[in-house]
Enquirer: 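After the structure tokens below, expect a handful of questions from me.
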Amino acid sequence: MTSTRASKSDPIKKDQPPLLAVHNEDIALAFDEIADLLALTGENPFRIRAYRRAAQVVRSLPQELAPRIAAGFDPDLLPGIGADLANKIRELVSSGHFLKLDQLRRSVPAGLRELLALPGIGPQRARALHTALNIQNLSDLRHALASHQVRKVAGFGAKSEARLQQALDQTTLRPSRIPRHIARQYGEAITHYLTSLTGVTQVTLAGSYRRGCETVGDLDIVMCADRELDLSSALSRYSETSSSLVTGPTRCTILLRCGLQVDIRLVPPESYGAALYYFTGSKAHNIHVRRLASSSGLKINEYGVYRGRTRIAGDSEISVFSAVGLPFIEAELREDRGEIAAGLAGNLPALIERSQLLGDLHVHTGRTDGTATIDAMSEAAQRAGLQYIAITDHAKHIGLLHGLDATALTRQIDEIDAYNASQNQLTVLKGIEADVLADGTLSLPDHILKQLDLVVAAVHDHFDLPRRKQTDRLLRMLDNRYISILAHPSTRLLTQRNGIDCNWNEIFLRAAQRPCYLELNSQPSRLDLDDIQVREAAAQGILISIASDAHGITDFANLDYGLIQGRRGWLTSTQVLNTRPLTQLRKLLRNTFL
DNA sequence: GCCGTTTTCGGCCCGACTGTTTTCAGTCG
């Protein structure tokens, strides 16, 4: 199958189980495609939902399924995966194919799936277009629209034609998901505008933004007012509104000029908590909690929690949780990744908070590609509430001409010693960001590295090595006793570059044994490791360094992004390296040198 | 297709809005 990143030329070694590299994402994509194709054939919607849920479950797994199955793990044990889907997963892992998917692909035109991405087109209407006009793809739809055939199909009219035409004209303009820090700018601006409206008492950004997702597809806003409010006309007056897609009295959807869609819900004050809870999601979390509620005779909607017709909760989120027997669950955890069971069992983690971060172990200066001096960065760090930072400028490497060589690094070590001697407000640790070369060795010799308080290692090139080579590269790097932290481990850039292909299970295992710590890089365009990897690494006992990778004095604010990502990875303060007081931190860093 | 204090069948989260119809199916979140 095309979505399987497998190479038939990979040699099959003895005692090496994987025949084909089938990743969790490959399984999830296949299940998603089956769900779409089943929907297009008019299948039982609950059967379709089972495939979609299975895709979500597999996608959220911290470990690759294929090697676990090879080691005897039964996928039937996963929630939402029964005997049938377990067999399908085994089939894909062992053969690289889904017979079921191959059959569906033969019976449903491939291009029909494209239509599902259009607004207002779901499986029923896509089928109607196919049946009535033999439309098989977007190109066919374009032609049918041009000759006004679409309005002749039952259920379609002139407005449908116009909306579809507009959508086709805009398909290349609409952004897909955008990074959280960019969504934030638009979200804060519209929140500010809505708050300024007469009578408005509360406005909150909900949805994936509130859950702290690294990218968001649209913005969800929940608001309430103490008097009647003409929401749609207020939104039409907003300076950034490009068009209105939905204009009801309690629900509006607009498109901003930047292309971002915003959904706004207006609810009465007594329903604010229920609405905020509902529109924060995630969908999977909501469905799970609603099922939990219905098992005790309760119904949850965006207006409250109901027993029969009696409303028993809803003014605050905590009242909703309490009504169904749950403690408050932080928004970052609401992904249906075990938080509901943990809540019921009283095992929810006490998530890391910003005030608990005492230092920052990845900071640059103007000596390499930063913009400020050691003094200036230190002052900025103090203003950010930190007690220590590590200066980790780049080591000289063929790809980075301005990196520090041994001489320049020695000079910087002296500078830092002098700075620390000159004040006692904040401690500056001596570090370096060394490149991991293609063969897993470092760009500086050991006798230089051992003079430092810590060594941060990072991959900056050779992103496309095959999985085995890339994994071996990092494993060899981990053999170097002077490395303290692996920085931005996957090297991904959000929405721009995928991470390196690597067996993270092996890396985590080795890192935990050594020990070597892993960074959660807080640059909003990196957020690397991701939430699932963070959770898995921490579960294996690896301490996580939440680091700003600051290149200038304002960049310590990045820590907030890393913090939220860490919370999504269920991190508690004890699982984070830079919550440690300096003396304890020094011991932990020396451990890596053993 | 999954699942069980409703356990091998019969349920499966819930409501707002739209467009095309004259009471609602489909889509969306």
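Just so it is clear: chains get the letters A, B, ... in the order the sequence lines come, proteins before strands, and each one is counted from 1.
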Enquirer: In whole Å, what is the span from the CD1 atom of A:Ile89 to the P atom of B:dG1?
Expert: 13 Å
Enquirer: Provide, to the nearest angstrom, the distance between the CG atom belonging to A:Leu129 and the P atom belonging to B:dT27.
Expert: 10 Å
Enquirer: Using the C1' atom in both, what is the distance from B:dT23 to B:dT18, to the nearest Å?
Expert: 14 Å
Enquirer: Calculate, to the nearest 0.5 Å, the distance between atoms CG and CG belonging to A:Asp220 and A:Leu276 respectively.
Expert: 10.5 Å
Enquirer: Taking atom P in both B:dG11 and B:dT7, compute the distance separating them and give it to the nearest angstrom.
Expert: 12 Å
Enquirer: Could you pull out all residues at least two apart from A:Ser282 that satisfy side-chain contact (heavy atoms from CB on, under 4.5 Å)?
Expert: A:Arg211, A:Ala284, A:His285, A:Glu335
Enquirer: May I ask you to evaluate whether A:Lys299 reaches the phosphate of B:dG15, defined as a side-chain N or O under 4.0 Å from OP1 or OP2?
Expert: yes
Enquirer: If you measure from OH on A:Tyr277 to CZ on A:Phe328, what distance do you get to the nearest 0.5 Å?
Expert: 10.0 Å
Enquirer: Would you check, one step at a time, whether the test side chain to side chain donor-acceptor pair (under 3.5 Å) holds for A:Glu91 with A:His97?
Expert: CA-CA 7 Å; A:Glu91 180 193 353; A:His97 282 272; over 6 Å; no
Enquirer: Can you figure out which of B:dG29, B:dG1, B:dC12 approaches the side chain of A:Lys88 most closely?
Expert: B:dG1
Enquirer: Under 3.5 Å, sequence neighbours excluded: what are the donor-acceptor pairs made by side chains of residues 76-90 of chain A?
Expert:
from, atom 1, to, atom 2, distance (Å)
A:Asp84, OD2, A:Lys88, NZ, 2.7
A:Asn87, OD1, A:Arg90, NH1, 2.8
A:Asn87, ND2, A:Ala83, O, 3.4
A:Lys88, NZ, A:Tyr51, OH, 3.4
A:Arg90, NH2, A:Asp74, OD1, 2.7

Enquirer: Show the distances under 3.5 angstrom between N or O atoms of the protein and N or O atoms of nucleotides 6-10 of chain B.
Expert:
none

Enquirer: For B:dC3, which nucleotide in any strand shown is its Watson-Crick or wobble partner with both distances under 3.5 Å?
Expert: B:dG10
Enquirer: Could you check which of B:dG1, B:dG29, B:dC14 has an atom nearest any side-chain atom of A:Asp218?
Expert: B:dG29
Enquirer: Roughly how many Å is it from CG in A:Leu115 to P in B:dC28, rounded to a whole number?
Expert: 12 Å
Enquirer: Taking 4.0 Å as the cut-off, does a side-chain nitrogen or oxygen of A:Asn301 come that near to OP1 or OP2 on B:dG15?
Expert: yes
Enquirer: Quick one: does A:Asn44 reach the base of B:dG1 with a side-chain donor-acceptor pair under 3.5 Å?
Expert: yes
Enquirer: So, the side chain of A:Tyr193 versus the backbone of A:Ala234: is there a donor-acceptor pair under 3.5 Å, distance only?
Expert: yes
Enquirer: Say we look at B:dC17 and B:dC12: how far apart would their C1' atoms be, to the nearest angstrom?
Expert: 24 Å
Enquirer: Measure the spacing between CD of A:Glu302 and OG of A:Ser271 and express it to the nearest 0.5 Å.
Expert: 8.5 Å
Enquirer: Using a cut-off of under 3.5 Å, enumerate the N/O to N/O pairs linking the protein to nucleotides 2-4 of chain B.
Expert:
from, atom 1, to, atom 2, distance (Å)
B:dC2, OP1, A:Gly82, N, 2.6
B:dC2, OP1, A:Gly82, O, 3.3
B:dC2, OP1, A:Leu85, N, 3.2
B:dC3, OP1, A:Gly80, N, 2.7

Enquirer: Say you pick atom C1' in B:dG10 and the same atom in B:dG19; how far apart are they, in whole Å?
Expert: 34 Å
Enquirer: Can you tell me if the side-chain N/O atoms of A:Gln261 get under 4.0 Å from OP1 or OP2 in B:dG29?
Expert: yes
Enquirer: Rounded to whole angstroms, how far apart are CG on A:Asp36 and P on B:dT27?
Expert: 12 Å
Enquirer: In this structure, how many angstroms lie between the P atom of B:dC13 and the CD1 atom of A:Ile340, rounded?
Expert: 13 Å
Enquirer: With A:Leu116, which residues qualify under side-chain contact (heavy atoms from CB on, under 4.5 Å), at least two apart?
Expert: A:Asp36, A:Leu40, A:Arg113, A:Pro123, A:Ala126
Enquirer: Can you build the contact string for nucleotides 16-23 of chain B? Use B for base contact, S for sugar-phosphate-only contact, and - for no protein heavy atom under 4.0 Å.
Expert: BSSSS---
Enquirer: Quote, to the nearest angstrom, the C1' distance that separates B:dT21 from B:dG26.
Expert: 13 Å
Enquirer: Taking NZ, NE, NH1 and NH2 as the nitrogens, is one of them in A:Asp530 or A:Arg535 under 4.0 Å from a carboxylate oxygen of the other?
Expert: no
Enquirer: With a 4.0 Å cut-off, would you call A:Glu332 and A:Arg568 a salt bridge?
Expert: no
Enquirer: Under 4.0 Å between a Lys/Arg side-chain N and an Asp/Glu carboxylate O for A:Glu64 and A:Arg467?
Expert: yes
Enquirer: If each of A:Ala126 and A:Ile287 is mapped to the nucleotide of DNA chain B with the nearest heavy atom, which maps nearer the 5' terminus, i.e. the 5' end?
Expert: A:Ile287
Enquirer: Pick the C1' atom in B:dT8 and in B:dC3, then give their distance to the nearest Å.
Expert: 10 Å
Enquirer: Check this for me, if you would: do A:Glu339 and A:Arg334 make a salt bridge, where the nitrogen-to-carboxylate-oxygen distance has to be below 4.0 angstrom?
Expert: no
Enquirer: To the nearest angstrom, how far is A:Lys100 atom NZ from B:dG1 atom C1'?
Expert: 10 Å
Enquirer: Determine the interatomic distance between C1' on B:dG1 and the same-named atom on B:dT5; round to the nearest Å.
Expert: 23 Å
Enquirer: In whole angstrom, give the distance that lies between atom CD1 of A:Ile300 and atom C1' of B:dG29.
Expert: 17 Å
Enquirer: Aromatic rings A:Phe98 and A:Phe31: how do their planes relate, parallel, tilted or perpendicular, breaks at 30° and 60°?
Expert: parallel
Enquirer: May I have the distance from A:Gln124 (atom CD) to B:dT27 (atom C1'), rounded to whole angstrom?
Expert: 10 Å
Enquirer: What integer number of Å spans the C1' atoms of B:dT27 and B:dT20?
Expert: 14 Å
Enquirer: For residues A:Pro349 and A:Leu333, determine if any side-chain heavy atom of one lies less than 4.5 Å from a side-chain heavy atom of the other.
Expert: yes
Enquirer: Need one value for A:Pro45: base, sugar-phosphate or nothing, where a base atom within 4.0 Å counts as base even if backbone is also close, heavy atoms only.
Expert: nothing
